[in-house]
Amino acid sequence: MADGDASSRPGEHRFSAVLHRIAEEMAARDDHGAPADYIPMLAGADPRRFGMAVAEPDGTVYGVGEWRQPFSAQSITKVFALALALSLDGERIWRGVGREPSGNPFNSLVQLEYENGIPRNPFINAGALVVTDRLQELTGDAAGQVRELLRRESGNPDIDFVPEVAASEAAHGDRNAALAHFMAAYGNVTHPVPDLLTAYFRQCSIEASCADLALSAGFLARHGVRADGSALLTRSQAKQVNAVMLTCGTYDAAGEFAYRVGLPGKSGVGGGIIAIVPGECTLCVWSPGLDRRGNSVAGVAALDRFTTLTGLSVF
């Protein structure tokens, strides 16, 4: 794995000047949003913090700002849980979760009632709970398997859970519990709800940096191929994950994200966003200030500028 810092060695890599320009523009922004206040462990983050990393398919990674600073990955981990479930279970995972945008907030209960406990997609909380439940059935340790995938793909053995974050989410997790109980009533989750929530909150508490996450998502730019050259997903499955990221990865702002950024992406309320340029690179940006839909304000703006300045887009 090659490594570089665009802010200290400009010109060494093909995107370094672009990243440096984006970092300067983000520092000059007036609007940075506000950190997630419903998870106390995240509420005190400085919304002006910023990091951005780019990983190329060969494992070269470089970035600007706080691109080596670990942060709470939160819902970004849902991408890796889905990839593992697909790799182990194939199309079966789609029996319990859909592939359509929700049009509602990520923790909404509304659609579950009139759609018989089948969540719209795997990236809203209800859908992620279904994926975690299935992955727990397949592996016995869903959160541990997600952590191991991140460690292996990033090359960073120090990626780990943050128990205080998981505990903070559990203490304020009544809505997720309601989602899980509702789906259990329809037979769409199989594990006891308290056990399922423990696994889900552990998964969301994983802490990793922009560099770690950009590298970890590289298999989606390499059409399913892992860092060691083996296949995690088929080419078709990698396409499927990227497609669901594009249409559902930023909750009910997915249309706006596609319009502005034009890449498959997945956000988390810790302020991170990963984005995929198939065949070219993966990106991760972090800034803790969120908009009202739970997406990083500076993160979306930075990715918008990246695709505008480079011309890289799936469109």
Side-chain angles (χ1 to χ4, degrees), residues 36 38-41 72-147 149 161 163 165-206 240-241 244-245 247-249 251-252 266-269 294:
Y38 62 93
I39 302 174
M41 286 293 294
S72 191
Q74 293 293 318
S75 288
I76 293 174
T77 62
K78 296 173 182 177
V79 171
F80 301 95
L82 175 62
L84 285 168
L86 270 174
S87 73
L88 295 169
D89 212 24
E91 291 293 302
R92 189 183 189 282
I93 190 63
W94 301 120
R95 297 179 190 176
V97 61
R99 299 186 293 269
E100 296 294 334
S102 68
N104 285 309
F106 58 83
N107 57 359
S108 174
L109 285 153
V110 173
Q111 285 172 328
L112 279 179
E113 184 164 8
Y114 63 79
E115 294 183 349
N116 300 317
I118 305 294
R120 278 287 179 95
N121 66 70
F123 295 149
I124 55 175
N125 288 11
L129 285 164
V130 171
V131 173
T132 296
D133 181 71
R134 185 61 188 152
L135 191 57
Q136 190 76 5
E137 184 73 20
L138 292 165
T139 68
D141 184 10
Q145 290 298 308
V146 171
R147 178 182 63 177
L149 179 61
F161 311 114
V165 172
S168 181
E169 294 192 56
H172 298 81
D174 290 340
R175 185 175 286 268
N176 284 315
L179 293 167
H181 280 295
F182 195 90
M183 291 187 295
Y186 281 94
N188 201 22
V189 297
T190 60
H191 289 86
V193 168
D195 296 344
L196 173 57
L197 291 173
T198 296
Y200 178 68
F201 293 141
R202 284 183 79 221
Q203 173 190 306
C204 290
S205 79
I206 289 173
Q240 292 166 3
V241 175
V244 178
M245 287 174 68
T247 57
C248 308
Y251 313 118
D252 54 335
K266 182 72 198 82
S267 61
V269 296

*Asks:* Does R120 reach the main-chain N or O of G98 with its side chain, forming a donor-acceptor pair under 3.5 Å?
*Replies:* no
*Asks:* For the CD atom of Q203 and the CD atom of Q145, what is their distance to the nearest 0.5 Å?
*Replies:*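 CD of Q145 is found 11.5 Å from CD of Q203.
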*Asks:* Side chains of E91 and Q240, heavy atoms from C-beta outward: is any pair under 4.5 Å?
*Replies:* yes
*Asks:* Any chance you could lay out the side-chain contact (heavy atoms from CB on, under 4.5 Å) test for V165 and I206, step after step, and finish with the verdict?
*Replies:* CA-CA 9 Å; V165 172; I206 289 173; over 6 Å; no
*Asks:* Looking at G117 and N188, what are the two nearest heavy atoms and their distance?
*Replies:* O-ND2, 2.9 Å
*Asks:* Could you go through T132 and F201, starting from their C-alpha distance and side-chain angles, then the distance that decides it, and tell me whether this counts as side-chain contact (heavy atoms from CB on, under 4.5 Å)?
*Replies:* CA-CA 10 Å; T132 296; F201 293 141; over 6 Å; no
*Asks:* Calculate, to the nearest 0.5 Å, the distance between atoms CG and CZ belonging to L109 and R175 respectively.
*Replies:* 5.5 Å
*Asks:* If we only count heavy atoms from C-beta on, is the P119 to L112 side-chain gap below 4.5 Å?
*Replies:*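 P119 reaches L112 side chain to side chain.
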*Asks:* Nearest heavy-atom pair of A166 and S205: which atoms, and what distance?
*Replies:* N-CB, 3.7 Å
*Asks:* Any side-chain heavy atom of L84 sitting closer than 4.5 Å to one from L138?
*Replies:* no
*Asks:* Is any side-chain heavy atom of N121 closer than 4.5 Å to one of T247?
*Replies:* no
*Asks:* Taking NZ, NE, NH1 and NH2 as the nitrogens, is one of them in D141 or R202 under 4.0 Å from a carboxylate oxygen of the other?
*Replies:* yes
*Asks:* Under the criterion side-chain contact (heavy atoms from CB on, under 4.5 Å), I'd like the reasoning laid out for V97 against L82: C-alpha separation, chi angles, the key distance, then a yes or no.
*Replies:* CA-CA 11 Å; V97 61; L82 175 62; 6.0 Å; no
*Asks:* Using every non-hydrogen atom in the two residues, find where S267 and S75 come nearest and quote the distance to one decimal.
*Replies:*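 Closest heavy-atom pair between S267 and S75: O-CB, 3.5 Å.
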*Asks:* Taking all non-hydrogen atoms of both residues, which atom of Y200 and which atom of A128 are closest, and how far apart?
*Replies:* CE1-CB, 3.7 Å
*Asks:* Considering only heavy atoms from C-beta outward, does the side chain of D89 approach that of E137 to under 4.5 Å?
*Replies:*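 In short, these two side chains do not touch, never coming nearer than 4.5 Å.
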*Asks:* Cut-off 3.5 Å, side chains only: do S102 and Q111 have a donor facing an acceptor?
*Replies:*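 No pair is found: no donor N or O on one side chain lies under 3.5 Å from an acceptor on the other.
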*Asks:* Side-chain contact test, heavy atoms from C-beta onward, threshold under 4.5 Å: evaluate it for V131 versus K78 and give yes or no.
*Replies:*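 The answer is no; the side chains never approach within 4.5 Å.
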*Asks:* Determine, stepwise, if the pair Q136 / L196 fulfils side-chain contact (heavy atoms from CB on, under 4.5 Å).
*Replies:* CA-CA 8 Å; Q136 190 76 5; L196 173 57; 5.8 Å; no
*Asks:* Please report the closest heavy-atom contact between S168 and P40, naming both atoms and the distance.
*Replies:*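 In this case the closest contact between S168 and P40 is OG-CD, 3.1 Å.
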*Asks:* Is there a donor-acceptor pair closer than 3.5 Å between any side-chain N or O of K266 and the backbone N or O of I76?
*Replies:* no
